[in-house]
Amino acid sequence: MSDPILQLTGVRKAFAVGTPAEVEVLHGLDLTLDSGDFAALVGPSGSGKSTLLNIIGLLDRPTAGELHLLGQPTRELSDADRTALRNRAIGFVFQFHHLIPAFNVLDNVLMPLMIRDGKPGGAEIDRARALLAEVGLGGSELKKPSQISGGQQQRVAIARALVTEPALLLADEPTGNLDTRTAETVFALLQRFNDEFGCAVLVVTHDPRLAASCRRTIELVDGQIVGDQLTTNSTPRRHRP
Amino acid sequence: MRLFDSLWIEWRIALRFLLDSRLQTALIIVGIAVGSAVVVFITALVNGLQDNLIDRTLGTQAHVRVLPPDEVNQIVREPGVITLVLDTPREQPLRSIINWQAVLATLDQQADIRAVSPLISGPALARRGQARASVALIGIVPERYERIISVSDDLIAGEFRVEAGYAVIGTELARELGLGIGDKLRIDAGVERQAVVRVTGIFELGVRELDSRYVYLDLKQVQTLLDLPGGVTQIDLAIDKIFEASRVSERLTRLTGLEAESWMEKNRELLNALESQTLSTQIVRLFVAISVAFGIASVMAVSVVQRTREIGILRAMGSPRQQILRIFLLQGGLVGLTGSSIGGAIGLGLVVVFNEFGPGLFYIPLDFSLLPSAVAIATLTGILSAALPARRGATYDPAVAIRYV
C-alpha cells in the first residue's frame with residue numbers, strides 16, 4: 001500500500017494566540033486520507049470544519065501538529081513552497097463557485113495551469129476542453145461566468161479543480177446553494193472523478209443525504225473527530241492500479 | 001518579447017482586470033493624460049521660450065570673447081622695507097592681443113570651438129554733412145565673422161560687402177545720418193586718422209544700441225584708423241555647446257593667458273531668469289507627478305479591495321504572492337503608460353494649436369523627444385504608486401480573502 005495522500009497528526013489550531021481571547025478550535029486531530037478515498041466531513045456549525053479544510057488545503061497553518069501531504073511534511077515549508085504544493089496537489093471547490101468573473105469559462109478552467117506555467121499549450125487546452133465536456137459544458141467555453149447558471153458555474157469550478165490532476169480534491173459545501181437536483185448532478189460528478197482519476201475527495205457538507213452517499217464519513221464536533229466510519233451502503237471502493 | 005512571455009499570465013490578468021472595470025480605468029487614464037499633457041505642454045513652451053531668448057541673445061554676440069588682459073600696476077616690494085604706495089588704477093588704452101596670430105592658430109585647433117573670428121574695435125565719429133554720430137568701428141575678416149554673427153541674414157538693404165573703403169552700417173545710424181546704399185560716410189577716429197567709406201549694406205540686428213553704433217569695416221582699414229597696425233583687440237568664438245561657454249572660457253584663460261569672457265558671464269541676469277523659470281517648471285512637473293501618483297495609488301487601492309475575492313481564488317489555486325504583486329504593479333504601469341501616451345500626444349497637439357492660433361510672439365518647436373521621457377516617468381510613477389496597494393493585496397490571507405463578499 002502506498003503512502004497516504006494526507007496524514008494529520010496531533011493538529012491543533014488556536015486563534016488569537018497569546019491574547020486573553022485565545023481560543024482553540026481544533027484539539028489535536030489525527031486523520032489519514034488514502035488515494036481513492038471519498039470522504040464526507042460533517043459536523044454542526046462552529047465545529048471547526050472550515051478551519052480544518054483551510055489547514056488541509058494549506059491555506060492556513062496549524063498551531064501545533066504536523067500535516068503530511070503526498071508524504072511531505074508541510075510544517076516547515078515557506079509560504080512560496082506551500083503555494084506551489086497547493087497548486088500541484090490540491091484542487092478546491094467552494095460553495096460560491098468562485099470563478100473569476102473577468103475571464104471566460106475556458107480561461108477559468110485553465111487558470112491553475114496558467115498561473116503556474118504561463119501560456120497554456122495545445123495539450124493543456126485540450127485537457128481543459130475535455131474536462132468541460134465531461135461536466136456537460138462542452139459548448140460554453142467562451143461564455144463569461146455571469147452568463148451561465150449557478151449549477152453550471154459549480155461544474156466549471158470542478159473542472160478547474162481537476163485540471164491540474166490533483167491528488168486531493170477539497171470541496172467546501174459544494175452543493176450548499178444549489179437546488180436538490182443540481183446538487184445531485186454536481187455530487188455525481190465528484191464521485192465520477194473520484195472513480196476515474198483516483199484522486200482523494202474530501203467534502204464538507206451539511207446535507208445528510210449527500211454525506212450518506214460518500215464511502216466514508218468523518219464527524220467533527222467541537223474540534224474533535226468523534227466518528228470516522230465507512231458507509232455501509234456505498235459501493236466498494238476501487239483502488240488505483 | 002521575453003518580458004511578455006515570462007509574465008504572460010500576469011499581463012493577461014492585469015489587462016483583464018483593467019478592461020473589466022472600464023469606467024474606473026478610463027477615469028484614471030484621463031487623469032494621467034491631463035497631467036502628462038500639462039507637463040509636456042509646459043515643458044515644450046518653456047523650452048521654446050528659453051531657446052528663443054537665448055537665440056536672440058546669442059544672435060548678436062559671440063559665445064566667448066578673448067581679450068587682452070587689463071593693465072595693472074606692478075608693485076615691487078623689498079623684503080624688510082615698509083613701503084607706502086599710492087596705487088592709482090591704470091588707464092586701459094586700446095591695445096592689441098600680443099601675438100594674436102599664434103593665439104588664433106591655437107584656437108582654430110580646439111575641437112569644441114566651431115568658429116574663430118579676430119576683430120578690432122574702437123570708437124570713432126561718423127559724419128555726414130552737419131550730422132555726427134558716435135560709432136564703434138568693427139574691423140573684421142567677413143568670412144570668419146559671419147560664422148559668429150550672421151549679419152547677412154539681418155540685412156535689410158544692400159549686401160554684406162566689407163573690404164577696404166566699404167562699410168556696412170546699422171539701420172538706426174543710416175536713419176540718423178540719412179544714409180542709403182552707395183552713399184559716402186566720413187569716419188573720424190582722431191587727428192590724421194580719417195577715412196571716407198561707401199555704404200554697401202544696412203543691417204537690423206534688432207538691438208537698438210548695435211543698430212545705431214556698429215560700423216563694419218575691413219580689418220586692415222580699422223587697424224590704420226585706430227593706429228594699431230597689425231593688431232586685433234578681441235577674438236570672438238562660437239562653440240557647439242552654448243552652456244559649456246563658461247567652462248570653455250575658463251579653459252581658454254588658462255591656455256592663452258588672456259582674458260576670456262563667456263556670454264554666460266555677460267548675461268547673468270538672463271541666465272538667472274532662465275534658471276528660475278526652469279526651476280518653477282520643475283516644481284509644476286513635480287506636483288503634477290505627485291498628484292498623478294496619488295490618483296493612481298488611490299484607484300489601485302480601491303481596485304485591490306474590489307478584487308479581494310479574486311485574489312483569494314488565485315492564491316487558493318496556487319498563485320504565489322509575488323504574482324499577485326506583479327499583477328497590480330503591471331496595472332499601475334499600464335495605466336501610467338497609456339495615460340501618458342495619450343497625454344503626451346495631447347500636449348504636443350496643444351503646442352501645434354499654440355503655434356497656429358497663439359499670440360505668435362515666438363515659435364515652439366515640436367519636440368518629440370519629450371515623449372519617451374514623459375511616458376517613462378509616468379509608467380514608473382504608475383508602478384511605484386501601485387506598490388503599496390499591490391503589497392497589501394499580495395499579503396491578503398487567502399482563507400479570509402476568498403470568503404470576502
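Quick caveat, the model's predicted, so the values are computed rather than measured. So that the names make sense, note that chain A is the first sequence line, chain B the second, and so on, each numbered from 1.
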- Value for CZ (Phe92(A)) from CD1 (Ile313(B)), rounded to nearest 0.5 Å, stands at 12.0 Å

- Under 4.5 Å, heavy atom to heavy atom: which of residues 63-88 of chain A reach chain B? Give them by number, or say none. Asp79(A), Thr83(A), Arg86(A), Asn87(A)

- NZ (Lys143(A)) with more than 12 external heavy atoms under 6.0 Å: no

- Message: Which atoms of Asp117(A) are under 4.5 Å from chain B, going by heavy atoms: the side chain, the backbone, both sets, or neither?
- Response: neither

- Query: Does CZ in Arg192(A) sit with more than 12 non-hydrogen atoms of other residues, nucleotides or ligands closer than 6.0 Å?
  - Reply: yes

- Which heavy atom in Leu314(B) sits nearest to a heavy atom in Met111(A), and how many Å separate them? CD2-CG, 3.9 Å

- Query: Does atom CZ of Phe15(A) have more than 12 heavy-atom neighbours from other groups under 6.0 Å away?
  - Reply: yes

- Task: Please look at Ile402(B) and chain A and tell me whether the side chain, the backbone, both or neither of the residue comes under 4.5 angstrom of a heavy atom of that chain.
- Result: both

- Item | More than 12 heavy atoms from other groups under 6.0 Å of CG on Leu27(B) | yes

- CG of Asp240(B): more than 12 outside heavy atoms within 6.0 angstrom? yes

- Query: Which pairs, with at least one residue in residues 380-402 of chain B and sequence neighbours excluded, count as a side-chain hydrogen bond (donor to acceptor under 3.5 Å, both in side chains)?
  - Reply: none

- Between NE2 of His98(A) and CE of Met317(B), what distance do you get to the nearest 0.5 Å? 11.0 Å

- Item | Non-hydrogen atoms of Ala316(B) and Phe94(A) that approach each other most closely | CB-CZ, 4.1 Å

- Task: Compare every heavy atom of Gly318(B) with every heavy atom of Ile115(A), then report the nearest pair and how far apart it is.
- Result: CD1-C, 3.8 Å

- Item | Test item: Ile100(A) and Phe17(B) side chains (from C-beta on) under 4.5 Å apart, heavy atoms | yes

- Query: Salt bridge check: are Arg16(B) and Asp107(A) linked by an N-O gap of less than 4.0 Å?
  - Reply: no

- Query: Under a 4.5 Å heavy-atom cut-off, does chain B meet the side chain of Asn54(A), its backbone, both or neither?
  - Reply: side chain

